[in-house]
Amino acid sequence: MHADLIGLGALVLVAGLLARGGRRLGLPTVPFFMLTGILLGPATPGPVLVEHPEDLAILAALGLVLLLFSLGVEFPVEQVLASGRRLFIAAGSYIAMNVSAGLGLGFALGWGTPEALVIGGALGISSSAIATKLLIELRRLTNAETPVILGIIVIEDLFLAFYLAMLTPVLSPSGSAGQLVLDIAISFGFLLLLFAVARFGARAVGRLIGSHEDEILVILVVGLVLLVAGISADVGVSDAIGALMIGLVISRTTVRERVERLTMPLRDLFAAVFFVAFGLSIDVGELGAVAVPVLMAVLLTLTVNVAAGLVTAALFGFNHRGAANVGLTVLGRGEFSLILATLALAAGLDARIGPFVALYVLILAVLSPMLATHSRYLARVIPDWLLRSRWRYVREETMSTACTHLALVTVTETDTRECAYCAETGDDWVELRMCLTCGAVRCCDDSVNKHATAHFAETGHPLMRSLQPGEDWWYCFEDRTLVRQPMGSHPTGGTPTDSKPTSAT
């Protein structure tokens, strides 16, 4: 017993230290938790802190249940329902493109239909934790594309519930096609029952678990979550889905905020154990056998994500940078991919799924923050014709929803079509810009004299717009970003860029 406690304690401590080092490099914690398990597990040469990973099964299961429960509690149902048709089209396109690509790869690898379904889900569903952390760490919360990104990952989470409900009977051995259909019907029936409880029984559940004492509230909530998760597993639905659905129920009660605050430390601790335990089951020697398929999966995911970002940008009128930000921010894969792999291994599917998903998640969890940070380089190579030619001069700029200088806008139109200073000296200009404070028309930064920038330096008037035919973007010199127009003709927006644009003016 003492040896088990020492091993578990050392394992969690090392995981925390590695994760802290990763955070200083701007990387998410999940790959470092997995890496700890891989390096210190019994299937890898070197020191072993836990000889029997199965001893952590109950703790890992608790981590999985609390992770999905937390997601359900935080799930903004009203926000999704009010987001409009374009968001559902964008999210549906993203999910369909990525899951289809994963299914195609699974069949191409010849791993069978159940394995292909697992790979389809593992490749198709991004990590909401990684995506959300990226938005915060990169200071993109006021970007125009950020609400869309959040909407996509929320709808993905909702899709996950149905996908797992469909997949669980497939992973379980059924005697016949009729039995399989019955199992799927039972799974979806139970799912609908939990939805009905969330819709109509939240008040009763709130009264059941409600307590003014934090200690009692936590005990009641955790007990309810574990009970529902266990019942879900008994009726053929994943325990993870039962936890997610009871989280949806709690999210509609008056104790939601307290539950979220009180259970977060438990979630973070046991979720870390879940990721470490998954890593313990991976043999480094098996990673070489799946290296080529994993590289194929990474390239496929990157390609499809960029394409999905372009579809979303076209739907919402984002520029090249917005498209790159959408595609690369939701590139990371993490907790959900590992959940699917865990279910597949427990069902006795192809053992290569474990190392395949582990290596795939590790690579993308590291690659996603790096690519998202440098999304402007992808924006440079996206063809103009894909996202309308009006973005030719501002393809690399982020688009803001939070410019504080809009009160200084006093004029938005002019009949002037020349730079007076260039006309006076006989110089040519490339494009024209108009000051939105005083209406002055000046030449852009690609022109010889750069009078628009000079006008800002002289007057401090921050906002200008393009006067080129087909271009209707505004730009803020102070914030160094494109600006969403209050009553504009197209939806633009974003956060300040890292450097001053070379051709935005």
Side-chain angles (χ1 to χ4, degrees), residues 1-23 27-44 46-74 127-130 133 218-219 221-223 225-226 229-230 233 238-244 246-247 259-260 262-284 333-346 354-355 357-358 361-362 365:
M1 174 64 73
H2 291 165
D4 292 339
L5 288 176
I6 292 172
L8 177 60
L11 195 66
V12 172
L13 179 62
V14 171
L17 292 173
L18 286 179
R20 185 175 69 178
R23 294 299 301 119
L27 298 174
T29 57
V30 170
F32 291 95
F33 294 150
M34 292 173 53
L35 189 61
T36 300
I38 292 173
L39 295 178
L40 301 177
T44 302
V48 176
L49 294 182
V50 175
E51 290 283 353
H52 305 288
E54 59 273 13
D55 292 344
L56 300 181
I58 187 65
L59 295 179
L62 182 57
L64 173 61
V65 165
L66 289 177
L67 189 65
L68 270 293
F69 167 71
S70 177
L71 175 64
V73 172
E74 298 170 2
S127 168
S128 57
I130 293 176
K133 286 181 179 179
V218 170
I219 292 173
V221 167
V222 172
V225 171
L226 295 179
S238 167
D239 52 0
I241 288 304
L244 185 147
I246 197 62
V259 169
E260 188 175 351
L262 293 171
T263 59
M264 188 177 298
L266 290 174
R267 177 203 67 186
D268 292 343
L269 172 61
F270 289 104
V273 174
F274 166 74
F275 294 127
V276 170
F278 184 85
L280 288 172
S281 66
I282 302 301
D283 186 347
V284 171
R333 300 296 188 266
E335 58 273 22
F336 301 137
S337 300
L338 299 179
I339 289 169
L340 289 171
T342 300
L343 294 176
L345 294 176
V357 172
V361 168
L362 278 172

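Numbers here are sequence positions counted from 1.
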Nearest 0.5 Å please: distance from the [atom1] atom of [X] over to the [atom2] atom of [Y].
X	Y	atom1	atom2	answer
Leu17	Phe32	CG	CZ	12.5 Å
Leu280	Ile38	CG	CD1	9.0 Å
Thr36	Leu49	OG1	CG	9.5 Å
Leu13	Leu8	CG	CG	11.0 Å
Thr263	Phe270	OG1	CZ	12.0 Å
Phe69	Leu266	CZ	CG	10.5 Å

Would you name the heavy atoms of Val361 and Ser337 that are closest together and state the gap between them?
-> CG2-CB, 3.8 Å
Minimum heavy-atom distance Ala243-Val65, with the two atoms named |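 Here Ala243 and Val65 meet closest at CB-O, 3.3 Å.
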Contact check, side chains of [X] and [Y], non-hydrogen atoms, under 4.5 Å:
X	Y	value
Leu40	Val14	yes
Thr342	Phe274	yes
Val276	Leu11	yes

Using only heavy-atom distances, determine whether the side chains of Arg333 and Ser127 contain a donor-acceptor pair under 3.5 Å.
-> no
